[in-house]
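One-based numbering, in listed order, for ligands and for the atoms of each.
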Amino acid sequence: MLPGAWLRWACLLLLARLARPCPVGCDCFAQTVFCTDEALATIPLDIPPYTTDMVFIETSFTTVGTRAFSGNPNLTKVIFLNTQVCCFEPDAFGGLPSLQDLEITGCAFSNLSTEIFSNLATLGKLTLNFNMLKALPEDLFHHMDALESLQLQDNQLQTLPRRLFQSLKHLKTLNLAHNLLAQLPEELFDPLGSLQILRLSSNKLSSLPHHTFAKLGSLQELFLDRNSISELPPEVFSQLFRLKKLWLQRNDIRHLPPSIFSSLGNLTFLNLQENALQMLPADLFAHTPRLVGLSLSHNQLETVSEGAFAKLCNLSSLSLSHNAITRLPAGVFRGLENLTKLYLGSNNLTALHVDLFHNLSKLEVLSLSRNLLTTLPEGIFGTNYYLFNLALHGNPWQCDCHLAYLFTWLHEYSDRLFNIQTYCAGPAYLKGQAVPALKKEQLVCPVIRGHLGLEDRELRGSWDLSAKEWAARNQCAYSNPEGTVVLACDKARCRWLNIHLSPRQGSGSLGMMYNATQEWELKSSCGVVRLTLSIEAQAGEP
Ligand SMILES: *[C@@H]1O[C@H](CO)[C@@H](O)[C@H](O)[C@H]1NC(C)=O
Ligand SMILES: *[C@@H]1O[C@H](CO)[C@@H](O)[C@H](O)[C@H]1NC(C)=O
Ligand SMILES: *[C@@H]1O[C@H](CO)[C@@H](O)[C@H](O)[C@H]1NC(C)=O
Ligand SMILES: *[C@@H]1O[C@H](CO)[C@@H](O)[C@H](O)[C@H]1NC(C)=O
Ligand SMILES: *[C@@H]1O[C@H](CO)[C@@H](O)[C@H](O)[C@H]1NC(C)=O
Ligand SMILES: *[C@@H]1O[C@H](CO)[C@@H](O)[C@H](O)[C@H]1NC(C)=O
Ligand SMILES: *[C@@H]1O[C@H](CO)[C@@H](O)[C@H](O)[C@H]1NC(C)=O
Ligand SMILES: *[C@@H]1O[C@H](CO)[C@@H](O)[C@H](O)[C@H]1NC(C)=O
């Protein structure tokens with residue numbers, strides 16, 4: 001901005017100030033007054049009468065006297081942010097018939113007495129976050145009939161009086177997160193028939209009273225995450241017909257009652273991450289057909305039963321990562337028509353059934369990273385038309401002929417691998433090579449000699465291809481009678497083989513004395529093949 005223009009603005013501001021007086025240490029904008037001067041030692045007496053919003057930030061006065069704002073009857077909002085305020089005299093906010101929103105956040109007071117809020121019948125929103133409240137008197141909110149939002153997050157509340165919420169019939173949001181609550185009185189929430197969101201995250205709850213949520217027929221979101229809950233009473237959610245989101249992550253839940261979610265027909269999101277679940281009851285999700293997101297990651301599941309997710313036709317994201325899953329039944333994901341994200345990483349899966357992902361035709365993201373997979377069966381992604389993000393790293397991939405399907409799939413859709421740092425763990429000569437960088441010709445399998453009636457313990461031990469599988473691959477394994485020369489090749493193409501080895505120019509290392517040729521007739525159940533091997537001696541040598 002040009003200096004001239006700046007000057008003009010400054011003048012305008014000055015004129016505004018002259019026209020509308022503003023208390024010292026404060027700034028006034030229309031009907032809002034901001035007092036941000038640290039030195040402000042008391043609530044100013046000259047707040048303009050038409051003010052509707054009053055905000056104090058980091059001021060140093062400590063006391064709010066009786067009816068401190070009664071000169072400003074049009075106030076609808078009063079906010080204290082990170083101030084030194086600690087003491088409120090009786091009826092501190094009296095005489096404000098339009099007050100809607102009162103916030104006292106980040107101040108250091110630890111107690112409040114009932115008389116302070118004795119006249120707040122119009123208040124819709126009360127916020128007391130980030131203070132040091134240790135306890136609340138039972139009748140603190142008893143005159144706040146209109147209250148819709150009550151925020152008490154980040155205090156030090158250890159317990160709450162049974163009748164604390166007695167008159168809050170219109171309350172829609174209650175936030176008690178980040179306190180020290182270890183127990184809840186059984187009837188505490190009973191008056192809250194309109195409550196839609198209840199936050200109890202990050203407390204010290206280890207159990208819940210059986211009927212603690214029984215009257216919360218309007219509840220849509222329930223946050224119970226980051227507590228120490230080890231057991232849930234079977235009926236605890238049985239009246240929450242409207243519940244849409246349930247957060248139970250980071251507790252200590254070891255098992256779930258089979259019908260715990262059976263009333264939650266409207267549930268769309270469920271988070272059970274970071275608990276201690278070892279198994280899931282068979283019909284756990286039989287009555288939650290609207291689920292869209294489900295996380296079971298970071299538990300101790302060893303498997304999941306066949307029909308566990310059968311009813312979840314709207315499920316879009318399923319996480320089972322960071323468990324101890326060693327195997328999954330072929331049909332465990334059957335019916336998940338809308339699944340787009342599936343996380344199976346960090347488990348102990350050693351093999352996957354070829355039909356495991358069959359009909360997951362909307363699948364886009366699949367993580368199989370950090371398992372014990374050596375290969376994937378041919379055709380496993382045959383119906384996953386939209387799969388574009390596949391994580392495979394952290395598995396001991398065996399880069400032989402069995403990996404050909406995966407390899408071809410990856411090359412056909414070369415941009416789909418999430419992490420190209422996907423390495424071969426074997427065979428020895430390919431160990432440490434990145435899978436995507438291989439050439440298809442490198443993915444070969446040696447012959448199993450067992451099939452040829454030959455003895456070789458070493459080879460048989462290290463390759464697990466059965467004779468049937470070998471035949472199914474349309475390949476033949478030929479051998480001479482001694483079994484010293486074996487050759488595996490495609491049934492349709494393999495008729496003869498001519499190998500000619502000539503010395504590399506100038507290498508001089510493999511110095512052969514003579515030109516040599518040998519022929520073998522190799523036999524297999526497919527027929528006979530002729531192998532000719534000729535070795536050319538280095539020119540110039542005797
Ligand atoms: C307070 O608001 C009322 C109605 O909106 C208005 O008539 C009155 O003038 C306002 N009072 C002051 C002091 O501005
Ligand atoms: C808290 O209690 C102390 C004495 O116990 C009292 O002096 C103080 O005013 C109270 N604070 C509030 C905010 O009520
Ligand atoms: C889902 O909630 C609606 C109200 O939002 C309710 O009418 C319906 O009965 C609930 N569905 C189930 C299955 O509980
Ligand atoms: C699945 O979602 C669609 C679209 O949101 C909805 O119309 C349908 O009722 C849901 N199905 C179930 C079983 O809830
Ligand atoms: C999973 O595999 C790892 C590595 O092989 C092993 O240390 C761990 O004990 C296995 N966990 C289970 C639950 O089998
Ligand atoms: C889920 O899939 C079914 C059938 O394919 C479809 O009718 C429904 O609308 C889908 N739901 C969502 C949320 O896409
Ligand atoms: C996939 O869907 C088709 C057609 O709906 C069905 O015939 C087939 O059995 C399904 N496959 C699996 C493995 O569920
Ligand atoms: C080997 O054969 C090549 C041609 O095939 C010939 O040039 C060379 O002289 C032969 N070497 C000996 C040692 O006979």
Note every protein N or O atom lying under 3.5 Å from an N or O atom of ligand 1, pairing the names and giving the distance.
residue  : atom   : partner : partner atom : Å
ligand 1 : 2 (O)  : N74     : OD1          : 3.4
ligand 1 : 2 (O)  : N74     : ND2          : 2.3
ligand 1 : 11 (N) : N74     : ND2          : 2.9

Contacts satisfying ring-ring contact (aromatic ring centres under 6.0 Å, His included) that involve residues 238-275 (not counting sequence neighbours) are F223-W247
Among residues two or more places apart or on two chains, list those pairs meeting salt bridge (charged side-chain N to carboxylate O under 4.0 Å, His left out) that have a residue in residues 143-152. E148-K172
Show the atoms of ligand 4 that are less than 4.0 angstrom away from any heavy atom in N314. 1 (C), 2 (O), 3 (C), 8 (C), 10 (C), 11 (N), 12 (C), 14 (O)
Which atoms of ligand 3 have any heavy atom of F241 under 4.0 Å away? 1 (C), 10 (C), 14 (O)
For ligand 3, which atoms sit closer than 4.0 Å to a heavy atom of G265? 13 (C)
Suppose the criterion is salt bridge (charged side-chain N to carboxylate O under 4.0 Å, His left out): which pairs have a residue in residues 228-251, not counting sequence neighbours? R250-E274
If you measure from CD1 on I104 to CG on N82, what distance do you get to the nearest 0.5 Å? 13.0 Å
Just do the side-chain contact (heavy atoms from CB on, under 4.5 Å) check on L216 and L222 with the steps written out, would you? CA-CA 10 Å; L216 301 183; L222 176 56; over 6 Å; no
Is the SG-SG separation for the cysteine pair C107 and C86 below 2.5 Å? no
Steps toward side-chain contact (heavy atoms from CB on, under 4.5 Å) verdict (F165, L150): CA-CA 10 Å; F165 304 128; L150 176 57; 3.8 Å; yes
